[in-house]
Amino acid sequence: MKKLLPGVLFLGSLVLFVRTLAPTVTFVDSGELIVTAKNMGVAHPPGVPLYLLLAHLATLVPLGNVAQRVNFFSALCAAAAVALMYLVTLEAIRALRGQIPKLSGAKKKNRPQQAVLPEQFLWVPGLVAAALMAFSRTLWAYATVTEVYTLNTLLILLVFWLMFRWRNRLADREGAAVKSVPHGKSKGAITANHADPDVAAERAEISANRYLYLAAFVFGLALGVHHVTVALTLPAIAWLAYKEKGIKIFGSRQLILAFLACLIGLAVYAYLPWAASRSPVLNWGNPNTLERFWRHLTGSQYQSNFSLSSEQARQQMASFFALLFREFSWTWLPGALVLAAIGLYSLFKKERALLVYVLLIVAFNLLFAMGYDIAEDKDAYALPVFLVVALTAGIGAYSVLAACSPKKRAAVAGIVFLVPAFAFAANVRINNRSGFYVARDYVDNIFRTVSPGGLLLTADWQVASPMLYLQEIERQRPDVACIDVLLLRRSWYYAQLEAKNPTLMQQTHGEVQLFMEDLLHWENDPDAYRKDPQLAQRIDARFCSMISAFVRNSLARGPVYATSDVVLSSGGEIETVANSLVRSYQIVPQGLVFQLFADRGFHPTELPNLNMKGLLDHSPAVNEDSVIRQKVLPAYATMLVNCGRAFAAHGDHARAMDAYRQAWAVDSAYILEHNLLPAGVPEKLAQ
C-alpha cells in the first residue's frame with residue numbers, strides 16, 4: 001500500500017486539478033506564455049526556457065484548445081509535486097528516526113524511552129503533508145492556469161528529495177561497513193570471504209553521491225524556470241552539504257562534479273539565443289547578443305522593484321503573513337501552522353541540521369520578499385515557504401502520532417487528517433476555475449467595440465496578454481492592431497511591431513527613429529536620464545510625439561481606440577502620453593474603450609451588449625482574484641460610468657441610467673470610493 005500511495009496521490013490530485021482547470025486563457029502572463037510556448041519564442045525575463053520547451057510539448061497534444069493543453073501541463077506538474085511531497089516527508093522522517101539512539105538493554109534502563117511511530121503508521125505524516133500541498137491556496141491556484149510555478153515547485157521538491165536521500169544514504173554507509181565485518185571479529189581480522197569495511201563504506205558513499213550530483217543537475221534545470229525562488233534555496237543546500245561533509249566539501253572533488261552537473265542543467269538557457277534567432281511571434285528582449293542575453297537572464301528591467309526602505313519591508317511582511325495565514329485554511333483556523341510548529345520543535349529536539357535547513361529557506365525567502373515589490377503573483381514567490389510549512393506539518397503529524405498511546409493512535413490520525421480537510425473546504429470554491437471565462441470575455445467585449453482595421457492602444461497587460469493569445473493562437477480579430485504602450489519603452493518590441501504592422505511603422509519611421517536614439521541610450525545608461533532633467537524631458541517628448549504619429553497615421557486609414565489606462569492616467573510613466581492625447585484628440589467612450597477623433601464634432605457613444613455573465617456571478621474564484629478586483633472590475637466600472645455620462649450629456653437619460661446600473665452591478669464599492677457617479681444617482685441605484 002505504501003509503495004502505491006505516491007501514485008494514488010498523483011492521480012487523485014490530478015483529477016482534482018483537472019476538474020477545477022480553467023477552460024481557456026486567463027489573466028497576467030497566461031496569454032504570453034501560451035504564445036511563446038506554442039511558437040517557441042522568448043518570454044519575459046528570465047525567459048523560463050525549460051518551461052517553454054516542456055509546455056511546447058503540451059501544445060502538440062491534439063485535445064482541447066491550446067490554452068487547455070498548457071493549463072493541463074500546470075496541473076500535471078502540480079500533481080507530480082504533491083506525490084513528491086509525500087516522498088520528501090518520508091525522507092525527512094527517516095532522518096528524524098535515525099537520530100534516536102540505539103541503546104543496549106542495560107543502558108536503556110537509564111535513558112527515557114523516546115516515542116517511535118510504528119511502520120504501519122508512517123504513511124500518515126507523508127499523506128498529511130502531500131494533501132496540504134494539494135489543497136493549498138497557491139499551488140492549487142497555479143495548477144489550474146498557465147504559469148511556471150507548478151513546474152518550479154516540482155523541481156524544488158525534487159532537489160529537496162535528492163538532497164535528503166543523499167544525506168540518508170551517507171548515514172547508511174556506517175551500517176554498510178559494520179555489516180561487512182563478521183560478528184565477533186575485529187577489523188584487522190577480516191577474512192577473504194568478507195569485504196573490508198572501508199571499501200564497503202567507500203562504495204556506499206560513491207552510491208550516495210549520485211544523488212548529490214543529480215540534485216545539482218536538477219538545480220541547474222530549475223534555474224531555467226524561475227531562478228529567483230530556486231536560487232534562494234542554495235544557502236540551505238550548502239548548509240546540508242557542510243553538515244554532512246564538513247568544510248572540506250567546499251574544496252572537494254564532489255563539489256566540482258556537482259558544479260559541473262549544475263552547469264549541464266543550466267545549458268537549457270541556450271534555448272534563448274536559439275529562439276531569438278528564429279524571429280518568433282514574441283521575442284521578448286531579443287537575447288541574440290551576449291549583452292542582451294545577460295540583461296534578460298538577470299531580469300534587469302525588474303530591478304527597479306527592489307527597495308531597501310523600512311516602509312516597504314513592513315508592508316511586504318504584512319502581506320506575506322496575510323498570505324501565510326490563508327494558505328492552508330481559513331485565517332481563523334491555522335491548524336497547519338500549529339502542526340508545523342510542532343514539527344519545528346521536533347526538529348529542534350532531534351534533527352537540528354534539518355531544522356536549520358528549513359529555517360534558511362524561510363529566512364532567505366522572507367529577506368527577498370521584504371525588498372521586492374511585485375503585484376500580481378506575489379503569492380508564488382512564497383511557495384518555497386509554503387513547501388516548508390507542509391513538510392514540517394507532516395513532521396508535526398509524525399510527532400503527535402508517535403507521542404500518543406497505541407490505543408488512541410487511529411483516532412488521533414483521524415483528527416490530524418482534519419487539517420488538510422479544512423484546507424480543501426477553505427480553498428475548493430476559490431480555486432475552482434472550471435467556468436473561468438473572464439479574461440476571454442474581457443477581450444471579446446473590447447473586440448465588439450473595435451471596428452475592422454482599428455488600432456488599439458493599451459497599457460493594460462490584462463488586455464494585451466490574453467489578446468495576444470486570441471489573435472495569434474485562435475486567430476480571432478487579426479485585423480485589430482494592438483500596441484502595448486508600456487512595451488514601447490523596450491527596443492526589442494519594435495521588431496514585433498514591424499512584423500505585424502509594416503505600413504504603420506513605415507509611415508512613422510522618422511518619429512520612431514528619433515525615440516529609438518534616446519531609448520537605446522536609456523537602456524545602456526538609465527542613470528544618465530535620472531540625473532539629467534533635459535535628457536528625461538527629451539525622451540518623454542519624443543515618446544509622446546511617436547505615439548501621436550501612430551494615432552495620426554492610423555486615423556488616416558481607420559479608427560483608433562485606447563483603453564482607459566492610456567487616456568485617463570493621472571500618474572505613472574504614461575501620464576504625459578495621456579495628457580498629450582487628451583489635448584490633441586477628442587476621446588469618446590465606446591463600450592470598454594475610448595475612440596479617438598481628430599475633430600471636435602459630435603460622435604455618438606455606443607454601448608454594445610457586454611458579456612459579463614462570469615464576472616457578475618460573483619463566484620469565489622472571481623471575487624478573490626486580486627487582478628480582477630484591482631484592475632478588471634475598476635476598468636469595467638470606469639468605462640460604463642463614462643458611457644453613462646456621455647449618454648446623459650446628450651439627453652439620453654434612460655440609456656445613461658442603464659449604463660450606471662451595469663457599472664453599479666460590477667463594482668459599487670469602487671464607484672463609491674472614487675465618487676464616479678453624478679450626485680443623486682448612487683441613492684437611486686441603491687434602492
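Keep in mind it's a predicted model, so treat the numbers as computed, not measured. We count residues from 1, following the sequence as given.
- If you check the side chains of Ser74 and Tyr149, you find no donor sitting under 3.5 Å from an acceptor.
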- request: Take Glu311 and Gln315 through the test side chain to side chain donor-acceptor pair (under 3.5 Å) and record every step on the way to the result.
  value: CA-CA 6 Å; Glu311 177 61 22; Gln315 292 177 355; 2.9 Å; yes
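- Side-chain atoms of Ser554 never come within 3.5 Å of backbone atoms of Val551 as a donor-acceptor pair (strictly under, hydrogens ignored).
- Shortest non-hydrogen contact noted between Pro466 and Thr26 is CB-O, 4.2 Å.
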Residue pair Asp29, Trp461: steps toward the side chain to side chain donor-acceptor pair (under 3.5 Å) verdict: CA-CA 8 Å; Asp29 299 327; Trp461 188 236; 2.9 Å; yes
Acceptor/donor pairs from residues 37-44 side chains to any protein atom, 3.5 angstrom cut, sequence neighbours excluded:
residue, atom, partner, partner atom, Å
Asn39, ND2, Val35, O, 3.3
His44, ND1, Glu32, OE1, 2.9
His44, ND1, Glu32, OE2, 3.0

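- Under the salt bridge (charged side-chain N to carboxylate O under 4.0 Å, His left out) criterion, the residue pairs touching residues 472-481 are Arg440-Glu474, Glu472-Arg475, Glu472-Lys500, Arg477-Asp479, with sequence neighbours excluded.
- A donor-acceptor contact shorter than 3.5 Å is absent between the side chain of Arg542 and the backbone of Glu511.
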- request: Give the C-alpha distance, both sets of side-chain angles, the deciding distance and a yes or no for side-chain contact (heavy atoms from CB on, under 4.5 Å) between Val70 and Leu33.
  value: CA-CA 9 Å; Val70 187; Leu33 290 173; over 6 Å; no
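- The number of heavy atoms from other shown groups lying within 6.0 Å of CH2 (Trp294) does not exceed 12.
- Using a distance-only test at 3.5 Å, with no hydrogens or angles considered, no donor-acceptor pair links the side chain of Thr24 to the main chain of Tyr437.
- Between Asn432 and Ser434, the shortest heavy-atom distance links the atoms OD1-OG, 2.8 Å.
- Classification of the Phe515-Phe543 ring pair by plane angle, with boundaries at 30° and 60°, yields tilted.
- In this structure, Thr605 contributes its side chain and Phe647 its backbone to no donor-acceptor pair below 3.5 Å.
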- prompt: Can you list the steps and then say if Asn553 with Leu504 is a side-chain contact (heavy atoms from CB on, under 4.5 Å)?
  reply: CA-CA 7 Å; Asn553 291 320; Leu504 178 60; 4.1 Å; yes
- prompt: What do the steps show when you test Asp460 against Tyr442 for side chain to side chain donor-acceptor pair (under 3.5 Å), and what is the final call?
  reply: CA-CA 12 Å; Asp460 187 353; Tyr442 192 28; 3.1 Å; yes
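- Annotation: Asn609, atom CG; neighbour count of heavy atoms from other residues, nucleotides and ligands within 6.0 Å does not exceed 12.
- A donor-acceptor contact closer than 3.5 angstrom links the side chains of Tyr529 and Asp518.
- Between the side chain of Gln586 and the backbone N or O of Gly601 there is at least one donor-acceptor pair closer than 3.5 Å.
- Ring to ring, His226 and Tyr51 are not that close: their centroids are 6.0 angstrom or more apart.
- For the pair Tyr494 (side chain) and Leu488 (backbone), a donor-acceptor distance under 3.5 Å is present.
- In this structure, Gln312 and Gly371 approach most closely via the heavy-atom pair NE2-O, 3.0 Å.
- Closest heavy-atom contact between Pro682 and Pro678: CD-O, 3.3 Å.
- Checked for salt-bridge contact, Arg530 and Asp527 meet the test: a charged N lies under 4.0 Å from a carboxylate O.
- Between Pro23 and Asn65, the closest heavy-atom pair is O-ND2, 3.1 Å.
- Listed here is the closest heavy atom pair of Ala22 and Gln68: O-CG, 4.4 Å.
- The closest side-chain heavy-atom distance from Gln476 to Asp444 is below 4.5 Å.
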field: Working for side-chain contact (heavy atoms from CB on, under 4.5 Å), residues Val566 and Ile547
entry: CA-CA 11 Å; Val566 173; Ile547 293 176; over 6 Å; no
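- A donor and an acceptor atom, one from each side chain of Asp565 and Thr563, are located under 3.5 Å apart.
- For Tyr561 (side chain) and Ser451 (main-chain N/O), a donor-acceptor pair under 3.5 Å exists by modelled atom type.
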